[in-house]
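Okay, structure first, notes after.
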Amino acid sequence: MHADRPLFLQPACAGDYRELARRRLPRQFFDYLDGGAYDEATMHNNVEDFRKVLLRQRVLRDISNIDLRAEVLGQKLSMPVILGPVGLAGMFAPRGEVQAAQAAEAAGIPFCESTVSICSIEEVRANTKAPFWYQLYVMRDRGYARELLQRAHAAACPVLVFTVDLAVVGARYRDVRNGMTGVRSPFGKLAKAWDFVSHPSWALDMVAHGKPLVFGNLVKALPQAHSLPAFRAWVNAQFDPAVTWKDLSWLRENWPGKIVVKGILDADDARTAADIGFDGVVVSNHGGRQLDGVPSSVSALPAIVDAVGDRVDVLMDGGVRSGLDVVKALALGARACIVGRAWAYALAGGGGRGVAHVLHIMRKEMEVAMALTACTSLRELDREILVPASGTQVKSGPGKDVAETLASRVAYAEVSK
């Protein structure tokens, strides 16, 4: 939705909800949601490299019955999409995590609760019936991490998503410029106050329906942290840069369910995760919010699938904005896609109904993409439905290499021999 289009038009895609979110949210929260690290090159490449993956269109096939059902980590999904963990989602819309979880439940897919959510694990559990996933960071305070795991297990969360790419926090320049991080001058405090009051629809909605505005999963650990700087200071102190693979035995000892390691970009790291016994990996650069200048998630995906795709479930996130992106990722070997900004934009722009609408849009986009590539089930999605930029069909299978790169940044690894 372009800035010159009236807002009474029906949003047609996740990008339209991004524009609605931009108009509704104070600058600080929109930048937090929308921004990335440093110059944001990796964040943009996550999206752009998906566009360079081309689908092989086929015609005159029987595509009257398209099946999007998937099984991921032993859980049956109506389509291969998971609502990923998004911190502070409850600041984008009142009780935002609950609204998103309810939309995911209605769509028949999982929602993943972030450690740094506004709504607590218990609140999400009390307002939903379907199982949801839980995300945990590497924390210095193992005792509190253990308590969070116990709470998630008590809420019947079947999958733990363990985020490993925040040993240190990336430099997010937008957060510095808008005052979310760093020291604020008196003028800066006034500017922030004006930013909030100049978005009355958001402010009134949050005051009337959004409270309590605390970090629901961390209230016990941060009883006095009612501001973002105080919260960030605690989080920065909790990230443990000394943790290695050898330190993760405590995680398996304290979590009886499935464990997925999120933040994998290298095939060797994926092999290590599989060797240790984790159940899945998420190919992810944290949405371009950590280290700028690393590969896009979609360009890193094929090599990781080739390395461990027969041993663990390979998921991916980063740049997924449409059902077409999901189809492309599955053709490259992903079991499912984790969506982050797409649902968060929709939540900010349209609440729970917006999230439900985006999921409906993505389902329809997947159905069209599969129909026009002559695929009726997810089993048929493989690299042979892709073509590189030159138009030559991508080949895969024993003894064959990928024909050529799809684009300068999207370089495929050698297919298993």
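Just the heavy atoms: all of them, side chains too, but no hydrogens, waters or symmetry mates, feed the values below.
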Expected output: side-chain Thr115 to main-chain Gln135 donor-acceptor under 3.5 Å: yes

Note, Leu25 side chain near His199 side chain (heavy atom, < 4.5 Å): no

Side-chain donor/acceptor of Arg335 to backbone N/O of Val72, under 3.5 Å: no

Residue of the set Asp165, Asp317, Asp269 for which salt bridge (charged side-chain N to carboxylate O under 4.0 Å, His left out) holds with Lys262: Asp317

Considering all heavy atoms, the nearest Tyr134-Cys157 contact: CB-SG, 4.1 Å

Salt bridge flag under 4.0 Å for residues Asp31 and Arg27: yes

Test of ring centre spacing under 6.0 Å for Phe92 and Trp202: no

Pair listing, side-chain hydrogen bond (donor to acceptor under 3.5 Å, both in side chains) test, anchored in residues 93-107, at least two apart: Arg95-Glu123

N-O pairing of Asp67 and Arg379 below 4.0 Å: no

Salt-bridge criterion met for Asp306 and Arg383 (N-O under 4.0 Å): yes

Under 3.5 Å, side-chain donor or acceptor atoms of residues 144-151 against the rest of the protein: list the pairs with distances, not counting sequence neighbours.
{"residue": "Tyr144", "atom": "OH", "partner": "Asn217", "partner atom": "O", "Å": "2.8"}
{"residue": "Arg146", "atom": "NE", "partner": "Asn254", "partner atom": "OD1", "Å": "3.1"}
{"residue": "Glu147", "atom": "OE1", "partner": "Lys220", "partner atom": "NZ", "Å": "3.3"}
{"residue": "Arg151", "atom": "NE", "partner": "Glu122", "partner atom": "OE2", "Å": "2.9"}
{"residue": "Arg151", "atom": "NH1", "partner": "Asn217", "partner atom": "O", "Å": "3.2"}
{"residue": "Arg151", "atom": "NH2", "partner": "Glu122", "partner atom": "OE1", "Å": "2.9"}

Any donor-acceptor N/O pair, Thr128 side chain to Val124 backbone, under 3.5 Å: yes

Glu48 backbone acceptor or donor facing Asn45 side chain under 3.5 Å: no

Salt-bridge criterion met for Asp195 and Lys192 (N-O under 4.0 Å): no

Beyond-backbone contact of Tyr345 with Leu33, side-chain heavy atoms, under 4.5 angstrom: yes

Flag, side chain of Thr42 to backbone of Val294, donor-acceptor distance under 3.5 Å: yes

Arg61 side-chain N/O to Val59 backbone N/O, donor-acceptor pair under 3.5 Å: yes

Student check: side-chain heavy atoms of Leu55 and Lys328 closer than 4.5 Å: yes

Lys/Arg-Asp/Glu bridge criterion (N-O < 4.0 Å) met for Glu19, Arg23: yes

Arg271/Asp266 under salt bridge (Lys or Arg N to Asp or Glu O under 4.0 Å): CA gap, chis, key distance, verdict: CA-CA 9 Å; Arg271 291 188 188 96; Asp266 185 88; over 6 Å; no

Shortest non-hydrogen contact between Val298 and Pro302, atoms and distance: O-CD, 3.3 Å

Heavy-atom donor-acceptor pair, Asn46 side chain to Ser297 backbone, under 3.5 Å: yes

More than 12 heavy atoms of other groups within 6.0 Å of Arg69 CZ: no

Residues Glu40, Arg172: salt bridge by 4.0 Å N-O rule: no

N/O donor-acceptor pair under 3.5 Å between Asp205 side chain and Ser201 backbone: no

Spacing of NE2 belonging to His357 relative to SG belonging to Cys13, to within rounding of 0.5 Å: 10.0 Å

Asp292 side chain to Asp39 backbone, donor-acceptor under 3.5 Å: yes

N-O pairing of Asp313 and Lys258 below 4.0 Å: no

Six-ring centre of Tyr32, Arg289 cation under 6.0 angstrom, axis tolerance 45°: yes

Whether over 12 other heavy atoms sit under 6.0 Å from His153 NE2: no

Ring centres under 6.0 angstrom apart (Trp343, Tyr17): no

Polar side chain donor-acceptor pair, Arg363 to Ser78, under 3.5 angstrom: yes

Rounded distance (nearest 0.5 Å) linking atom CD of Glu113 with atom CH2 of Trp133: 14.5 Å

